[in-house]
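Structure first, then comments.
Every chain is numbered from 1, with letters handed out A, B, ... down the list of sequences.
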Amino acid sequence: MLRLVFACLLLAASPSWGLDGNDLLKKVDRNLEPENYEMYRKLINIEPNGNRKEFVLYSVKKGRDKVVALFLEPASDKGRATLRSGDNMWLYIPNVGKPVRITSLQSVIGGVFNNADILRIDYGAEYNVEGMQEEKDGYLLDMKARSGEVAYDRLKMWVERKTVLPVKIEAYAASGLLIKTLHFKDIKDFGGGIRRPATVETDSPLFKGYRSVMLYSALKRRQVPDEVFTLNYLPRVEDLRK
Amino acid sequence: MKPGARLLLVLALASLPVSGQEFSFDAAQYEKKPYELTGYLELKTERFSLNRNGAFYDLNFFDRPGTENIDRYGLLFKPSAKVRLGDAVTVNARAHLEAQRDSVQDASTNRFDEAYLSYKPDPGFTLEAGKVAMKWGKAYAWNPAGFIERPKDPNDPELAREGFTLLSADFIRNFDGALQTLAFTPVLLPVSTQLNSDFGSADHVNAAAKLYMLLHDTDIDLMFLNGGSRTRRYGFDFSRNLGTNLEVHGEWARVHDVQRGVTDSRGAVTPGRAHATSYVLGTRYLSERDTTYIVEYYRNGAGFSEGQMNDFYALVESGMDRLRTTGDTTLLRRAGALAQAQYGRPNAGRRYLYARVSQKEPFDILYFAPAVTLIANLDDGSASVAPELLYTGITNVELRARAFFLTRGARTEFGEKQNFRRLELLARLYF
């Protein structure tokens, strides 16, 4: 009888999304960021000899698949802005003076991060969960890209049961080659009910000895007009900052 | 604890990778300021190896024969300033201050590339007044539909250019469905003897406009220019991603009543007037090895045919013969005027190929990008090949080494250029 009560309690305590990987992924997406937000990030590329190069970005996202990022540092990249609307991506370089189309696998900064990492949209918008495995402290999601436009063909995401936040993600090419691994660290309270990892470290077997780190700050909910996510507005993204 | 051991313990603790200490970031230090000053200082040195068999060498050096090389040193300061006047108004300026010294002459240029006021009451509307560098068209090396901008140098397509004084507005609307964005950019560009005098004939207010659409994930622009300083012209462009690593683009322009004087080999110029259609088709491809390929085909509707270019080169030869036999430079000076007006402009021919291959970070050298660029005249088979090395690993410093090698053939575009080789070293310091 005691065992039955315990089993019932366990079932009641289990979240309803526990059985569906895509629902779990939606929850992960919302726990990582609100659907509409603004935030600041610092990207640090660390070379094997310890040399570092740092970039600071301001980003705004709306809905599932619209995001824009503006470089604030270093001075050589200041004013560069990248826009993503679904599978479309553009880069604006102040000197060039007009936005050009880019592809998700390119990198506007060099190093391990590519454009898809910088302009990341909801995982659920790009990937379908094909398999979910229950592990000791969480779940392992096996995700397949919804289309050929997505930068990584497959993702393996380890999700912590307690926080419903990713701990580690492995990104694979269609050939099965491991392209990079993301490690989520330092869970921080950003206010407004947002509690998520403030550090994402990335390494890649393609860049042996190199490391990239993404630090998050001032992540908060913000709703901006749709017109912000257009090619014509790209040179003016700075105006959104307060 | 002994002082030595204590020191060792402190050093050991300091070397531990404590995440909070190793990385820190607070966005508060990036608050927007009421004004900004950015830009770069560029130092450049170039060596031009002169092509003593080239028509353009003859035109430029007939009075200084024997010159074999030119060494040039350049200093360029390009500051940009922005002042925010409230939430909706900014004043923007970008200056171009350049000094050059070489063995032939010293030169300096001081101007504002841009200086304008921008009124942005909301993201869907912007009004700009002043000197603005508009950039239209989707192609990389050539922009036949760039109706209100100064010509692009295909050797340096990403170089900032000087704008024109104009009044422009920008209306943006977003929608759900196949048509995701619609943006309309009308422009008024006045020309007088004092204002925009190099745009075209004076005493006209030229009207131009661009309509942008993001339709079925494809960028499409329709553009036109009319008004009198330049003849009527209209065009369109498109750009689309075909995958995570492949982009295609195109640009088409029709220019009415292009006036062109075509010379024969004796210097008799036949004036002509015709409509010209130009277009560019191109692609950008990123391979699995991080190699980027950009390829473009350019059809210059207002360009000269191979035979017409040959007549011009023959005219220069005749001019040189006359100089040698009689000392008379009249024919050479006539050819020089034609070169300045039409025959000497970059890519004056009809059909061109642009191909650029760049490799991101080969041999695991971060921020290092070697590249090679080919520009070929498809009519006469001549070409310029430019290998380059770019390094951006030092924060706010860009270092570039480039060489241009031109094919050497008589009566061909690149074979008749003033140089057969150019070496260039460049350092940019950003602030």
Within 6.0 angstrom of B:Tyr119 OH, more than 12 heavy atoms from elsewhere: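 No, the 6.0 Å shell around OH holds no more than 12 heavy atoms from other groups.
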Neighbour count >12 (heavy atoms, 6.0 Å) for atom OH, B:Tyr35: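 12 or below, so no.
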Largest heavy-atom contact set with chain A, pairs under 4.5 Å, which of B:Lys78, B:Lys138, B:Glu247, B:Lys120: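 Option with the greatest count: B:Lys120.
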Leading residue by heavy atom contact count with chain A [cutoff under 4.5 Å; candidates B:Thr392, B:Thr126, B:Thr395]: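 Looking at each option in turn, the highest pair count goes to B:Thr126.
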Non-hydrogen side-chain atoms of B:Val280 and B:Tyr354 separated by less than 4.5 Å: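 SC-SC contact between B:Val280 and B:Tyr354 ruled out.
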A:Met214 and A:Arg120, any side-chain heavy atoms less than 4.5 Å apart: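 No; the side chains remain at least 4.5 Å from each other.
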[X] versus chain A, heavy atoms under 4.5 Å apart: side chain, backbone, both or neither?
X: B:Arg173; answer: both
X: B:Tyr40; answer: side chain
X: B:Thr218; answer: backbone
X: B:Glu398; answer: neither
X: B:Lys32; answer: both
X: B:Asn143; answer: side chain
X: B:Thr181; answer: side chain
X: B:Phe25; answer: both
X: B:Leu214; answer: side chain
X: B:Asp87; answer: neither
X: B:Lys152; answer: side chain
X: B:Leu246; answer: backbone

Is it the backbone or the side chain of [X] that comes under 4.5 Å from a heavy atom of chain B, or both, or neither?
X: A:Lys42; answer: both
X: A:Glu73; answer: side chain
X: A:Asp87; answer: backbone
X: A:Ile46; answer: side chain
X: A:Pro225; answer: side chain
X: A:Lys66; answer: side chain
X: A:Tyr216; answer: backbone
X: A:Arg236; answer: side chain
X: A:Leu72; answer: side chain

Is a side-chain donor-acceptor pair under 3.5 Å present for [Y] with [X]?
X: A:Tyr152; Y: A:Lys180; value: yes
X: B:Gln180; Y: B:Asp217; value: yes
X: B:Asn92; Y: B:Thr90; value: yes

Chain B: which of [options] shares the most heavy-atom pairs with it under 4.5 Å?
options: A:Ser175, A:Gly97, A:Pro94; value: A:Gly97
options: A:Met39, A:Glu54, A:Glu47; value: A:Glu47
options: A:Glu238, A:Lys242, A:Lys78; value: A:Glu238
options: A:Ile44, A:Val100, A:Val228, A:Val56; value: A:Val56

Candidate pair A:Arg154 and A:Glu130, rule salt bridge (charged side-chain N to carboxylate O under 4.0 Å, His left out), full reasoning: CA-CA 10 Å; A:Arg154 270 190 184 278; A:Glu130 288 193 337; 3.0 Å; yes
Would the distance check show the side chain of [X] and the main-chain N or O of [Y] forming a donor-acceptor pair, the cut-off being under 3.5 Å?
X: A:Arg146; Y: A:Gly124; value: yes
X: B:Glu114; Y: B:Lys131; value: no
X: A:Asn36; Y: A:Gly63; value: yes

A cation-pi test, strictly: NZ or CZ of [X] under 6.0 Å from the centre of the six-membered ring of [Y] and no more than 45 degrees from its axis. Yes or no?
X: B:Arg150; Y: B:Phe164; value: yes
X: A:Lys53; Y: B:Tyr367; value: yes
X: B:Arg356; Y: B:Tyr140; value: no

Lys/Arg-Asp/Glu bridge criterion (N-O < 4.0 Å) met for A:Lys61, A:Asp122: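 Yes, A:Lys61 and A:Asp122 are salt-bridged.
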Carboxylate-amine/guanidinium contact A:Lys98 B:Asp219, below 4.0 Å: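 Between B:Asp219 and A:Lys98 there is no salt bridge, as every charged N stays at least 4.0 Å from the carboxylate O atoms.
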